[in-house]
Amino acid sequence: MLDKIIEIIMTILPFLGSSRKKRQMMAQEVKEFSELVKDQYTFLMQQLEKVLKDYFDLSSKVKEMHAEIFSLRGQLTQAAALQCSSKECVQRVQMVTETIQSGWKPQRPA
């Protein structure tokens, strides 16, 4: 795209300037400017790719962390229910029943 623009400008330049040296200088300036723009575009595209990669990496880490948080929340609920000191504690009785049915056995301290 930029190459086409440069070609068009190079075609028009001979008709704008009064001297050949001035036209060549203008052509050189246009060429340098277009190279600068191309370099900036390339740099920005590389930065964008880096940002996107970092974003998706962080996104997957956040998903893993959410899964771990939900898992830990369930474990905390189970542990809190097992620590209920009242024998009539409905939550404790229900949690113990579910735990036994799932095949989990409490570990006794040595």
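Legend: residues meeting salt bridge (charged side-chain N to carboxylate O under 4.0 Å, His left out) with K53, ordered by chain and number and at least two apart, are D57. Every residue meeting the side chain to side chain contact (heavy atoms under 4.5 Å, CB included) condition with E29, not counting sequence neighbours, appears here in chain and number order: M25. Residues forming a side chain to side chain contact (heavy atoms under 4.5 Å, CB included) with I69 (at least two apart in sequence, or on another chain): R73. Under the side chain to side chain donor-acceptor pair (under 3.5 Å) criterion, E32 pairs with Q28, not counting sequence neighbours. Remark: Y55 pairs with no residue by the side chain to side chain contact (heavy atoms under 4.5 Å, CB included) rule, at least two apart or across chains.
To the nearest 0.5 Å, the span separating OG on S60 from CE on M65 amounts to 11.5 Å. Interatomic distance, Q40 CD to M45 CE, rounded to the nearest 0.5 Å: 14.5 Å. The structure places NZ of K38 at 9.0 Å from OG1 of T42, a figure rounded to the nearest 0.5 Å. Rounded to the nearest 0.5 angstrom, D39 CG and S34 OG are separated by 9.5 Å. One finds the CZ atom of F43 at 11.5 Å from the CG atom of L48 (value rounded to the nearest 0.5 Å).
Under a 4.5 Å side-chain heavy-atom cut-off, the cluster of Ile, Leu, Val, Met, Phe, Trp and Tyr residues that includes V62 has no other member.
Within 6.0 Å of CD on Q47 lie more than 12 heavy atoms contributed by other residues, nucleotides or ligands.
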